[in-house]
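Structure first, then comments.
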Amino acid sequence: MLMKEPQIETPAKNKRLRSAALGAAFLMAMAAVGPGFLTQTATFTGQLGANFGFAILICIIVDIVVQLNIWRIIIVSGKRAQVIANEVFPGLGYVLSFLVAMGGLFFNIGNIGGAGLGLNVLFGISPENGALIAAAIAIIVLIIKNALKAMDITVQILAVIKIGILLYILSVMTVPYGTAAAHAFDPSNVNFYSIVTIVGGTVGGYISFSGGHRLLEGGAKGPGAIKYVNEGALTGIGIASVIRVMLFLAGLAVVTAGYKLDPTNPAASIFKYAAGNFGYKFFGLLLFASGMSSTLGSTFTSTSFLDYAVSDQAGVMFKRYRSSFIIGFIIISTAIFYFIGSPAKVLVVVGALNGFVLPIALAILLLASHRQPIMGVKYHHPAWLTWTGWIVVIFMAYAGFRTILGLFGIGN
């Protein structure tokens, strides 16, 4: 095997890679914080109250293990996840690509629909027409020249909007911080479905690969880029976790005050209770921002699984028709929402399904992490990441199995 030439670090290259790591962090976080994220968090807060804090704590721990493993394996190998999967076992890349792309497509229906509903709340236009506007904006951002930079800037602006809105909502409410902290570490009720769902909505399916693929496309490659993996992954997890906790605390304040969340739109209930019609308008802005950021993340990542899908010829074809794939992906998602719709329950169920994909995808990459032809002869995957990674695989497979039994009313 020929040894790769060592990459020379320069200030310009460091700046470019650090910028790519920041872009990857925000893309991963904002891909996670979509309409489904809002719906899932509000739904489970209404059902479980302060006990949902335990699920969030487990989710954060799982997120760290998953993202550090997946990002590191992708960047050190210098290959996209589907290529790695195909090298682990011929044909496995096709299976992974199908699972991720289909999950991303279904999630994107909710993303586009959420953005459209946000415009409906803000301006009174129909959700369907709002979805068409949101789709047009997403297509423009993703196909223009310097699309990566435009996408990075867009998701960062949307992140600031989301955090600002939630800070305002928390400032006008009486939040039971003590109760939330106590039940996060000592829950009276553990709900596996909530854990699988929010893990699936944060690092399941396409979301677990969004940051790694973005960082790879930004030029990070090889063991020398591990520091950018750590910066990007931990920053992204931190942003998504902060927003999750803020929304949970806002919902808990509403539930503790005796107000019952509307099951058809639980997240909107929180904002209505907190600040009346003004709060509801804020929710519309948050929903639009969440739908747009998650649409960008879902589309970028799902279509990236066609780039070098499992062969050089597929990669060449994708590069030639990349804009067409992006446009088609968004148009299909929008058309399904326009003619069928996307109820809140679908967003929760799809999150759970993405949670089932996670142990499969992570297991594939963990197997690859110890194969020298894939990772290189000089790289040794950290033992703590390997062991915690397999623990997550086993835990998520078990939790997913328990969830399936629960959905069919078995074992209750």
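What you are looking at is a predicted structure, and each value in this text was computed from that prediction instead of being measured.
- Under a 3.5 Å cut-off, the side chain of T256 and the backbone N or O of A253 do not form any donor-acceptor pair.
- When every heavy atom of V100 is checked against every heavy atom of S302, the shortest pair comes out as O-OG, 4.1 Å.
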Quiz: residues 172-189 side-chain donor-acceptor pairs under 3.5 angstrom, not counting sequence neighbours:
residue	atom	partner	partner atom	Å
H183	ND1	N51	OD1	3.1
S188	OG	N51	OD1	3.2
S188	OG	N51	ND2	3.0

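- With sequence neighbours excluded, the residues that form a side-chain contact (heavy atoms from CB on, under 4.5 Å) with F89 are L92.
- Checked for salt-bridge contact, E87 and K79 meet the test: a charged N lies under 4.0 Å from a carboxylate O.
- Below 30°, between 30° and 60°, or above 60°: for Y280 and F283 the angle between ring planes is below 30°, a parallel geometry.
- Applying the side-chain contact (heavy atoms from CB on, under 4.5 Å) rule to A21 yields the partners L215, Y228; only residues at least two apart in sequence or on another chain are considered.
- Looking only at distances, no side-chain donor or acceptor of R72 sits under 3.5 Å from a matching main-chain atom of N230.
- Partner of Q156 under the side chain to side chain contact (heavy atoms under 4.5 Å, CB included) criterion, out of I153, L158, D152: D152 alone.
- Using the six-membered ring where Trp is involved, F209 and F305 have ring planes that are perpendicular, over 60° apart on the 30 and 60° scheme.
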Which donor-acceptor pairs under 3.5 Å do the side chains of residues 56-68 make with protein atoms, sequence neighbours left out?
residue	atom	partner	partner atom	Å
Q67	OE1	W71	NE1	2.9

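- Taking Y379 as the reference, H381 meet the ring pair (Phe, Tyr, Trp, His ring centres under 6.0 Å) condition, with sequence neighbours excluded.
- Remark: aromatic rings of F278 and F282 are close, center separation under 6.0 Å.
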Please list, one pair per line, the donor and acceptor atoms closer than 3.5 Å that link side chains of residues 126-142 to other protein atoms, with sequence neighbours excluded.
residue	atom	partner	partner atom	Å
S126	OG	N129	N	3.1
S126	OG	N129	ND2	3.1

